[in-house]
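Each ligand, and each atom within it, is numbered from 1 in the order the structure gives. Nothing here was measured: the structure is a model prediction, and the numbers come from that model. Excluded from the calculations below are hydrogen atoms, water molecules and symmetry mates; all remaining heavy atoms, backbone and side chain alike, are included.
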Amino acid sequence: MIVNDNNTGSDKLSILIPYDDIIKRVKELSREISDDYDGKPLVIVGLLKGAFFFLADILRELTIPFHIDFINISSYSGTTPAEKVKHLYGPTNDISGKHVIIVDDIIDTGATIRYTVEMIKQKGAIDVKVCTLIKRETKEKRDVDSDYTGFMVKDGFIVGYGLDHNEDYRNLKDIFILNE
Ligand code: IMP
Ligand code: MG
């Protein structure tokens with residue numbers, strides 16, 4: 001189905017996950033996290049820029065206290081995985097002795113999340129878990145995986161709800177497949 005609900009004026013986008021379904025899943029994940037981290041010192045670290053809508057929506061629903069931090073890791077240019085993960089910013093909080101949840105937009109090869117988990121562990125976190133909005137199905141087992149997963153997807157490049165293609169489409173409310 002080709003839609004233009006978000007006034008993109010583009011026939012390149014096919015809707016994959018409507019906003020209402022995203023929010024339904026976000027609430028389920030928030031409930032799980034609130035149960036798991038009750039009474040624990042928690043820092044939630046969002047991966048910029050792609051996770052910002054997901055992060056905000058999930059954090060609003062949490063019923064436990066926590067601190068917020070950000071990391072900016074750049075690993076993608078266009079639709080091909082770049083050779084290297086680039087660490088641009090953060091975290092700025094002292095996370096030693098804290099439980100940490102990293103919130104990401106999408107796990108593809110797993111290179112970004114592997115790098116990020118390792119970095120946070122080295123800073124002395126008690127434990128590090130990963131919450132991702134989307135995970136791409138792969139046959140190979142990833143050595144670092146997510147603990148909380150919003151949706152599994154197969155093929156296709158995903159945009160919207162924070163996810164971009166060369167900085168386009170991040171602003172879209174729903175999640176789309178980009179047809180090229
Ligand atoms: P990985 O290191 O291969 O797991 O890639 C993770 C990062 O690449 C994500 O945080 C995204 O920024 C980007 N990425 C991977 N697949 C997609 C996609 O389908 N759409 C938009 N960004 C993607
Ligand atoms: Mg990203």
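- Taking every heavy atom of both residues into account, M119 and G90 meet most closely at SD-O, 4.2 Å.
- At least one N or O atom of I158 sits closer than 3.5 Å to an N or O atom of ligand 1.
- Annotation: cation-pi geometry not satisfied between K49 and F52 (NZ/CZ under 6.0 angstrom from ring centroid, within 45° of ring axis).
- Within 6.0 Å of NE2 on H99 lie more than 12 heavy atoms contributed by other residues, nucleotides or ligands.
- Contact annotation for D105 and ligand 1: only side-chain heavy atoms (C-beta onward) come within less than 4.0 Å of the ligand.
- Remark: ligand 1 atoms within the under-4.0 Å shell around heavy atoms of T112 are 1 (P), 2 (O), 5 (O), 6 (C), 7 (C).
- Side-chain contact of Y161 with D105: a donor-acceptor pair under 3.5 Å is absent, judged by distance alone.
- Every residue was checked against the salt bridge (charged side-chain N to carboxylate O under 4.0 Å, His left out) condition with D36, not counting sequence neighbours, and none meets it.
- Looking at H165 against ligand 1, nothing comes within 4.0 Å, counting heavy atoms.
- Annotation for ligand 1: atoms under 4.0 Å from non-hydrogen atoms of L163 are 20 (N), 21 (C).
- Within the structure, the closest approach of G110 to ligand 1 falls below 4.0 Å when heavy atoms are considered.
- Close approach of ligand 1 to D164 is summarised as follows: ligand atoms under 4.0 Å from at least one heavy atom of the residue are 21 (C).
- A donor-acceptor pair shorter than 3.5 Å can be found between the side chains of N179 and S14.
- Note: no N/O pair closer than 3.5 Å links I113 and ligand 1 by distance alone.
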